[in-house]
Protein chains: 2
Amino acid sequence: MGRAVRPRPRPRATYHHGNLRSALIEGASTLLEREGPLGVTLRGAARQAGVSQAAPYRHFPNKSALLAAVAEAGFESLVRTMHLAARRHRGSPAAALEAMAKAIVRFAAEQPSRYRLMCGPAVRGRDHPSLLRAASAAWDLLTTTIRECHRAKRIRPGDPAQQGFVFWSTIHGLAVLVVDEQLPPPVLRAHSLEQLAGYATTVVLAGLAP
Amino acid sequence: MGRAVRPRPRPRATYHHGNLRSALIEGASTLLEREGPLGVTLRGAARQAGVSQAAPYRHFPNKSALLAAVAEAGFESLVRTMHLAARRHRGSPAAALEAMAKAIVRFAAEQPSRYRLMCGPAVRGRDHPSLLRAASAAWDLLTTTIRECHRAKRIRPGDPAQQGFVFWSTIHGLAVLVVDEQLPPPVLRAHSLEQLAGYATTVVLAGLAP
DNA sequence: ACCTGAACACCGTTCAAGT
DNA sequence: ACCTGAACACCGTTCAAGT
């Protein structure tokens with residue numbers, strides 16, 4: 001048959017060198033974006049990495065551990081995004097809160113499957129301590145900003161954790177509604193997601209005003 | 001071996017009579033409570049109903065349709081619970097809102113898998129109109145109560161849908177945090193879920209005050 | 001009209017075996 | 001130390017066949 005142009009398997013890069021772990025995380029993320037949360041598969045991630053179906057078990061005890069690693073990277077990315085949003089409002093913690101709210105909702109709208117995975121039942125934080133740590137960094141950023149609002153007299157005195165959880169519930173709730181496409185169409189038609197996030201922030205801040 | 005006491009398959013009841021559909025919904029709900037959202041299986045629901053693995057396809061086009069039916073029953077139950085909670089506060093719509101908030105969070109805490117299924121990616125409302133109708137009944141109840149708050153001068157004038165979505169985001173967000181076990185332990189230790197739901201309602205109502 | 005049995009293409013996971 | 005190949009017990013779904 002001579003030198004037929006036959007499709008070759010993807011170049012293997014340099015696995016066998018210790019970076020299969022991150023290649024699997026990347027492969028799972030690719031599947032997540034392309035196929036949704038239900039399309040993420042251990043075998044599929046292995047295929048993406050150009051490796052046999054049993055290879056992942058050298059790096060993760062089970063599927064859930066791989067998903068937890070993907071979720072962890074998601075939280076790191078989310079916290080980075082929140083930081084960036086807040087940084088532009090250094091002197092005004094209330095404005096920083098609003099910017100973070102919009103950033104969270106934008107993050108969820110742009111990568112719904114990722115956001116769902118980060119919060120969903122596929123990974124139970126209890127079983128994955130490093131995922132818990134990544135998630136609590138978001139909480140910390142939030143409560144820190146709440147404390148700044150105290151100092152700036154934009155929020156009445158009180159337990160920052162308790163006040164923060166109301167804020168987080170509201171924004172996370174909106175993000176989840178967006179991700180699950182559960183916002184009633186009339187609301188969606190009348191307002192952009194940014195407007196909704198801004199409005200929700202305004203209401204909660206007014207409710208917490210001194 | 002004489003009359004050995006051998007375990008018999010569950011009595012078949014009277015399927016073949018048109019109630020296999022509801023038997024499958026019940027079987028799936030049983031699995032949902034017992035094994036969690038990831039343990040719900042079409043084959044398992046068929047087993048629960050004492051029927052072959054292919055039988056469900058006479059009644060549901062696919063697994064997602066069965067899950068949507070389970071989710072639909074969940075929304076009906078939730079709306080009933082909300083109604084009951086609100087009914088005891090006929091003259092005070094603000095108190096009714098708070099009672100509904102607590103009822104929603106209690107519902108989610110008591111049946112986390114069910115609540116997750118109702119909102120999660122396993123069933124996309126868009127593909128299941130009757131699920132959408134069941135879900136929007138909850139929204140309707142909420143906006144109706146918001147309108148009563150307008151009349152009672154407990155909430156400032158404004159679009160009930162927009163105000164309702166903030167309230168719903170907050171309570172749904174809290175419910176989802178509970179279901180996903182994402183509330184920080186310090187918050188949980190200091191307050192009961194009822195207290196958290198009450199506090200969140202108070203904050204949002206204050207933010208929407210005239 | 002409603003259900004069964006067998007089959008297909010997929011999973012997650014395990015385990016001996018290779019280098 | 002790291003990976004492969006084959007196997008096991010499960011899925012969702014289809015389809016001929018039974019009554």
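Here the structure is a predicted model, which is why all the values come from computation and not from measurement. Throughout, protein chains are lettered first and strands after them, A, B, ... in sequence-line order, and every chain is numbered starting at 1.
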| request: Nearest whole angstrom, please: distance from the P of dC3(D) to the CD of Gln53(A). | output: 14 Å
| Side chain of Arg47(A) (C-beta onward), nearest among dG5(C), dC11(D), dC11(C) | dC11(C)
| field | Phe60(A) CZ - dT13(C) C1' separation (whole Å) | value | 16 Å
| field | d(CZ, Arg58(B); P, dG12(D)) in whole Å | value | 17 Å
| field | Candidate nucleotides dC15(D), dC3(D), dA7(D), ranked by approach to the side chain of Val51(A) - the nearest | value | dC3(D)
| Counting side-chain heavy atoms from CB outward, which of dT13(D), dT4(C), dC15(C) is closest to Asn62(B)? | dT13(D)
| field | Rounded distance in Å - CG (Leu31(A)) to C1' (dC11(C)) | value | 13 Å
| query | Out of dC3(C), dT4(C), dC15(C), which has the shortest distance to the side chain of Ala54(A)? | reply | dC15(C)
| If we call it a pair only when both distances are under 3.5 Å in a Watson-Crick or G-U wobble match, what pairs with dC10(D)? | none
| With respect to the side chain of Arg43(A), which nucleotide from dA7(D), dT4(D), dC3(C) is positioned closest? | dA7(D)
| request: Determine which nucleotide pairs with dG5(D), using a 3.5 Å limit on both distances of a Watson-Crick or G-U wobble pair. | output: dC15(C)
| Between P of dC11(C) and CG of Leu38(B), the distance in whole Å | 16 Å
| said: Any salt bridge linking Glu33(A) with Arg114(A)? Criterion: basic side-chain nitrogen under 4.0 Å from a carboxylate oxygen. | reply: no
| message | Between Glu110(A) and Arg106(A), does any side-chain N to carboxylate O distance fall below 4.0 Å? | response | no
| query | What does Thr41(A) touch in the nucleic acid at a heavy-atom separation under 4.0 angstrom: a base, only the sugar-phosphate, or nothing? | reply | sugar-phosphate
| query | dC11(D) C1' sits how many Å from Leu42(B) CG, rounded? | reply | 10 Å
| remark: Closest to the side chain of Lys63(A), out of dT4(D), dC3(C), dG12(C), is dG12(C)
| query | Atom CG of Leu66(A) to atom P of dC11(C): distance rounded to whole Å? | reply | 14 Å
| request: Select from Val40(A) and His59(B) the residue whose nearest nucleotide in DNA chain C is closer to the 5' end of that strand. | output: His59(B)
| Residue Tyr57(A), side-chain atoms from C-beta onward, closest of dT4(D), dT13(C), dA7(C) | dT13(C)
| query | Given dC2(C), is OP1 or OP2 found less than 4.0 Å from the side-chain N or O atoms of Arg21(B)? | reply | no
| field | Residues in side-chain hydrogen bond (donor to acceptor under 3.5 Å, both in side chains) contact with Glu181(B), at least two apart in sequence or another chain | value | Arg124(A), Arg126(A)
| Glu26(A) atom CD, neighbour heavy-atom count above 12 within 6.0 Å | no
| Are Tyr115(B) and His172(B) near enough that their ring centres are under 6.0 Å apart? | yes
